[in-house]
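Only one structure is covered here, and it is reproduced in the block below.
As a basis for the values below, the full set of heavy atoms in this structure was taken, side chains included, without hydrogen atoms, waters or symmetry mates. Counting starts at 1 for both ligands and their atoms, following the listed order.
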Amino acid sequence: MTNGPSLNASNASNASSNSTFARVPYHVGIIMDGNGRWAQARGLPRLMGHRAGVNNIRRVLEASVAFGVKALTIYAFSTENWARPQAEVSGLMKLVGESIRRQLSELHANGVQIRHSGRLAGIEPGLQQQIRDALELTKNNQRIILNVAFNYGGRAEVIDAVRHIMQDGVKPEEVSEEVFARYLYTGGLPDPDLIIRTGGEYRLSNFLIWQAAYAEYYATPTFWPDFDKEELRRALQDFADRDRRFGKVKIA
Ligand code: FPP
């Protein structure tokens, strides 16, 4: 990964100081869809689409910092993705390992806090260790949170939370929405304000199903490898123009 300008500390911006939008979402979730179709449209193997998709994460991360987004959750691999052809699954696993090896030190130097949402169990032990090391190294960074949903499923997350609540002996009357949310993989992270899906589909695909209860949803036909800073700007402008009521009515 090259040292992109907008991840440099001197260009730091945050929601309050950003003058581009009236409102900037604190936390954005992205369903990075369309890698396969991007590759097929170019006569390339699907894995080349995933490679282009990985490269695009850096570009969107930089743009997110520039626009003042403070947390980005990216859907990298779902619990359902194991059912894909074995070569594609192992190719994706290799890409993740390679990305951590190549990019971790620079992400760390640029203040990116890496988090993981998902089950570590089931992932190859070497890659599990790489992920643990990345979380440990970057845990105190404050510039932007990059939360990687990897071996992630929203329903699995709810099940895991219930299991932990029971293991901790929490009493039924003590279980509130706040307590429950703390037991999710995203515990401590505010709910996403905006969910973006690239690749033209209109579904959540088991992504942040609890946390997205009041998120604004934005879909674009653009395939993930082509989703650039201008596309992100459009999504954020769309968000800024919306009227979020959280189930209430607006008092004029
Ligand atoms: C959806 O495209 C994309 C995925 C299932 C994987 C996305 C994963 C990455 C970009 C790699 C993540 C890596 C790191 C380091 C976090 P698709 O294959 O479903 O595309 P299609 O709908 O066109 O077939």
Any ion pair linking [Y] and [X] (charged N to carboxylate O, less than 4.0 Å)?
{"X": "Glu173", "Y": "Lys171", "result": "no"}
{"X": "Arg197", "Y": "Glu201", "result": "no"}
{"X": "Arg58", "Y": "Glu106", "result": "yes"}
{"X": "Glu88", "Y": "Arg84", "result": "yes"}

If the test is side-chain hydrogen bond (donor to acceptor under 3.5 Å, both in side chains), which one of Asn147, Thr73, Asp191 qualifies with His27? Thr73
Residue of the set Tyr183, Tyr185, Tyr152 for which side-chain hydrogen bond (donor to acceptor under 3.5 Å, both in side chains) holds with Glu157: Tyr152
What about [X]: any of its N or O atoms under 3.5 Å from an N or O on ligand 1?
{"X": "Ile57", "result": "no"}
{"X": "Tyr75", "result": "no"}
{"X": "Asp33", "result": "yes"}
{"X": "Asn35", "result": "yes"}
{"X": "Asn81", "result": "no"}

What are the atoms of ligand 1, with element, lying closer than 4.0 Å to any heavy atom of [X]?
{"X": "Val148", "value": "16 (C)"}
{"X": "Val54", "value": "10 (C), 11 (C), 13 (C)"}
{"X": "Arg46", "value": "17 (P), 18 (O), 24 (O)"}
{"X": "Ser99", "value": "15 (C)"}

Looking at ligand 1, is there an atom of it that comes within less than 4.0 Å of some heavy atom belonging to Gly34? yes
Who's closest to atom 19 (O) of ligand 1 heavy-atom-wise, of Arg84, Gln40, Arg37? Arg84
Once the angle between the rings of [X] and [Y] is folded into 0 to 90°, is it parallel (under 30°), tilted (30 to 60°) or perpendicular (over 60°)?
{"X": "Tyr75", "Y": "Phe207", "value": "parallel"}
{"X": "Phe21", "Y": "Phe67", "value": "perpendicular"}
{"X": "Phe77", "Y": "Trp82", "value": "perpendicular"}

Decide yes or no on side chain to side chain donor-acceptor pair (under 3.5 Å) for Gln167 and Arg163, but give the supporting numbers first. CA-CA 6 Å; Gln167 279 161 5; Arg163 286 180 180 159; over 6 Å; no
Name the closest protein heavy atom to [atom], giving the residue it belongs to and the distance to 0.1 Å.
{"atom": "atom 4 (C) of ligand 1", "result": "His50 CE1, 3.9 Å"}
{"atom": "atom 20 (O) of ligand 1", "result": "Gly36 N, 3.0 Å"}
{"atom": "atom 3 (C) of ligand 1", "result": "Met32 O, 3.1 Å"}

Side chain, backbone, both or neither: which applies to Ala76 and ligand 1 if a contact is any heavy-atom pair less than 4.0 Å apart? both
